[in-house]
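Please read the structure below before turning to the comments.
Just so we're on the same page: letters track the sequence lines, and every chain starts at 1.
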Number of protein chains: 2
Amino acid sequence: MSLRHALLGLLVDRPASGYDLLKTFDTSLANVWPATQSQLYGELSKLADSGLITVSEQGPRGRKEYTLTDSGLAELRHWLTETEPQRTRSDVLLRVFFLGVLAPDQARAYLDGQAARAAELHAELKAIDEAIDWDDGDLSVYGHIALEYGQRLAAMQQEWAQWARTQVKPG
Amino acid sequence: MSLRHALLGLLVDRPASGYDLLKTFDTSLANVWPATQSQLYGELSKLADSGLITVSEQGPRGRKEYTLTDSGLAELRHWLTETEPQRTRSDVLLRVFFLGVLAPDQARAYLDGQAARAAELHAELKAIDEAIDWDDGDLSVYGHIALEYGQRLAAMQQEWAQWARTQVKPG
DNA sequence: TTCCGCATGTAATGGGTTACATGATTAG
DNA sequence: CTAATCATGTAACCCATTACATGCGGAA
């Protein structure tokens, strides 16, 4: 149930239309909380119905600009402070459990692929990190913290995959 | 669409009933791919319908023991070698993006909480790791690799959260 | 005989993905 | 005028969660 909170969070910063928000989802939130266009417009309608956001301005082409309301901000704070993050699923890890059904060289190939993917992601995130001019605004501070998480995760995954390949018995 | 593959993977080892499989999901797969009872029985029926598994034995209380078929094993191998892991969502990280709406001490409290959770998980996984007598069977090798991933992830999360708290500006 | 564990199933609801459908505005 | 971009919406389908529902078998 976090798409709604992602939307509320983005609207803290400034009012925006569904179209605007979609672009943010496709860029900065793509690796954290992907969402589709369908989902997004539907959720915005529901949020407006429940009064957490309002249409603050109508533009050309039926554009609706949404603004966060006080109750929306309260809901966001509630989510942040009072609720627990939920369980996640890991597709990558699930596969590891069953690598035994493959031949050892195939299992190693899988792990090599994971190492390569992680290395690539790490490079990508590092490039983003270096390209951005981090000022000391809130979004900057927390955006940077999130990006650092991504980098540390990618680095860990790469090291793990490289170690793991050595654990696969020669076949 | 990975629940089906998790089931196929578990049935490689030995035939089992829905009830048996549920227990495995609630223990060893709980942190990797949680599934509910409803979902599991439904999926088993679908898998049987499509011939990837068969009812190999009927026991008391309507117990049905399922066995993996050749096409089921082929499907599992196909999933492992030919398909890409999908995007994941991170609730924890999403929250980080929006910590700016909280007072600094609340933001730090959130990060402290995450550090504590990670430390707890790390200890738990370490205890499991040490308690298990790892032999050199396939399940043992890959189970150990998966567990190692969990431990590295938890350690990384703890370090990151501790670092992150220092980045939050004093308020 | 009573309770616990074994064992399976269905229904309702909500979130997520893909595809379809439509149309207005603006830049070249 | 034409193409790209802006902009929103609906429908069908699948997966996941929660709750409800039922009943057998074995142990004390």
Going by atom types alone, do A:Ser38 and A:Thr36 pair a side-chain donor with an acceptor below 3.5 Å? no

Any luck finding a side-chain donor-acceptor pair between B:Tyr149 and A:Gln157 under 3.5 Å?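 A donor-acceptor contact under 3.5 Å links the two side chains.
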
Listed nucleotide nearest any side-chain atom of [X], set [options]:
X	options	answer
A:Arg61	C:dC6, C:dT25, D:dT8	C:dT25
A:Tyr41	C:dC6, C:dG15, D:dG9	D:dG9
A:Lys46	D:dT8, C:dG15, C:dT8	C:dG15
A:Thr36	C:dT18, C:dT10, D:dT8	C:dT18

Quick one: is the NZ or CZ of A:Arg4 closer than 6.0 Å to the six-membered ring centre of A:Trp79, and within 45° of its axis?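 Output no; distance or angle outside limits.
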
Plane angle bin for B:Trp134 and B:His144 - parallel if under 30°, tilted between 30 and 60°, otherwise perpendicular: tilted

side-chain N/O [X] vs [N] OP1/OP2, d < 4.0 Å:
X	N	value
A:Gln37	D:dG9	no
B:Arg63	C:dC6	no
B:Gln39	D:dA16	yes

Applying salt bridge (charged side-chain N to carboxylate O under 4.0 Å, His left out), run through A:Asp91 and A:Arg95 and close with a yes or a no. CA-CA 6 Å; A:Asp91 198 344; A:Arg95 285 162 204 250; 3.0 Å; yes

Closest-nucleotide 5' rank along DNA chain C - winner of A:Met1 and B:Tyr66: B:Tyr66

Just how far, in rounded Å, is [atom2] of [N] from [atom1] of [X]?
X	N	atom1	atom2	answer
B:Asp91	C:dG16	CG	P	11 Å
B:Glu57	C:dT8	CD	P	12 Å
A:Leu40	C:dT18	CG	P	15 Å

Which comes earlier along DNA chain D counting from the 5' end, the contact point of A:Gly62 or that of B:Pro34, where each point is its nearest nucleotide? A:Gly62

Which part of the nucleic acid, if any, lies within reach of B:Arg89 when heavy atoms closer than 4.0 Å are counted: base, sugar-phosphate only, or nothing? sugar-phosphate

Suppose we call a contact any N or O donor and acceptor under 3.5 Å apart; does that hold for the side chain of B:Ser38 and the base of D:dA19? yes

